[in-house]
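In what follows, every heavy atom counts, from backbone to side chain, and hydrogens, waters and symmetry copies are set aside. Counting starts at 1 for both ligands and their atoms, in listed order.
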Amino acid sequence: MHLPETNRRRLLTLAGGMAIFAGLTGTRVWAQPAFDSDPFALGVASGDPWPDGFVIWTRLAPKPLEEHGGMPMVDVAVKWEVAEDEAFAKIVRNGEAVARPELGHSVHVEIAGLQSRRPYFYRFTVGDARSRTGMAKTAPVAGSAPERVRFAVAGCQNWENGYYTAYRHLSREADLDAVFHYGDYIYESKANTNAAKPPVRPHAGGEIYSLDDYRRRYAQYRTDTDLQAAHAAVAFITSFDDHEIDNNWASAYDQDNTPPEIFALRKASAMQAWYENSPVRLAQFPTPGGVNAYRRLDYGSLVRMHVLDTRSYRDKQPCRATNLPGCRPTEDANTTIMGKVQEAWLDDGLANGATWNLLAQQVLVMPLDSRNPGAAQPDYSDDNWNGYAPARQRLVRSIMERRLTNVVIATGDAHETFVGNVPVRDEAPDGPVAAAEFLAASISSGGDGLTGHAKQDAWQVHNPNLKLLNSQRGYQVHDITAKQWLTDVRVMDKVTVPNGAISTLTRFVVTPDKPGLTKA
Ligand code: FE
Ligand code: CA
């Protein structure tokens, strides 16, 4: 596996001291658990496929919104099974994990020793309660050349803004290998009580700060049956963006000028809850200092996916808020959005023979002048790579020095679809291209959205590298072969009412021998 050295070292440290994962100690065990409502009310999930396995996840919460999810504060044994068939006639792995109160009664099991590139089925049992069955596919064997890989990209799922019908559609996508989740899995804001503009469905409670607050927010989101269907259908490769902690946070800083020592406590609670509620590996186990979230996943020699963390190590935004009128990109040549260590890790990892390199990350990379129509002066968001232009230039240099023509970037955060090219030079947006970028809209954030975008024409005047701007909700599906990369942009007609319909807005093509988009 391609673990960064820091992750590998942490993993060994954790594995050495992992008595907590070793089994029940007998001092505070619920010997015969029994429930009067479904302990698997939050569903099941799988994540981070490797050629020989993946993570399976659940979290016991018979009463999701009640204190401790309705669980007693004791250890509970949870049986798990992995089978080759949906009827569990051929069980290939099974065992027992401990759901502990310290980890919100979540269960993470790293399954290994499976065959590559095939589907497996998994389920959990506690007392006489059994979970639904989930499905996950292992990755192709290292070095092999799979004919085709299909990833979906999704995220930004504000509960209050709409229903997750897009996830129901995603759960029915044919032959997905995995879903990259770019973050904003939850939103931290208080329940919207504006009677004039009520939310589609309200958050439970106020703005979230404590570990129990974050746990309850995840529990509320995870009660959604469409979200549960997506998790049960396909493995997620989970990252995080800002709203898992606080809007527009940057390393040690939040947007409210909270002293970093105090924000660090909130961040630690939020990242623990992120771990508890995400199907991620032990390498992403939270520590008081944060989480190592950047990592690589290989799909044979066809795709190398570099999952980035653009929040934890970035400099504070130059204007300290997004879209401040007149905000200019920083001229500080040392500014960073990934941090030095991750930047070097990515640069090293781009030296490879894979057919495609996928940068799976959170915020817009391409230069984008987002001035209002008619405005004389350019405008840049400082919360995405536009706020860190020298860091973007270093990324481009890294791609160019390695002569890579096969880099595709998957992005989220903007709640609108942006498809375009990252130019080699910021000043020449219609000049030579370094990479194609696909920013997926949102599952629900922002509510229904418009067909098309009022600013599209105006924005394209200043941004010839931007080929599509659309503000409908939805997700993207990348269908990848050695010959071409096809991206379907799926959009929802409505998310503020149940049972919205999905359709394919358009399809883009990229070929590995030439950087950037080829419109289909
Ligand atoms: Fe968002
Ligand atoms: Ca975001």
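In this structure, the side chains of P64 and Y218 stay at 4.5 Å or more apart for every pair of heavy atoms.
Below 30°, between 30° and 60°, or above 60°: for H181 and Y167 the angle between ring planes is below 30°, a parallel geometry.
Note that R281 lies in the cation-pi zone of W50, set by a 6.0 Å cut-off to the ring centre and a 45° limit from the axis. Taking the centre and axis of the six-membered ring of W274, the NZ or CZ atom of R311 falls outside the cone set by 45° and 6.0 Å. Seen from the ring of W345, R296 counts as a face-on cation partner, given the 6.0 Å and 45° thresholds.
If you count the protein N, O or S atoms nearer to the Ca ion (ligand 2) than 3.0 Å, you get 4.
Side-chain atoms of Q476 and T487 include no donor-acceptor pair closer than 3.5 Å. For D347 and S398, the side-chain atoms include at least one donor-acceptor pair closer than 3.5 Å. With 3.5 Å as the limit, one finds no donor-acceptor pair spanning the side chains of Y221 and D224.
The Fe ion (ligand 1) has C156 SG, D184 OD2, Y187 OH, H415 NE2 as protein N, O or S atoms under 2.8 Å away.
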Margin query: Please determine whether side-chain hydrogen bond (donor to acceptor under 3.5 Å, both in side chains) holds for the pair D488 and T504, giving the CA-CA distance in whole Å, both sets of side-chain angles, and the decisive distance to 0.1 Å.
Written below: CA-CA 6 Å; D488 284 345; T504 301; 5.0 Å; no
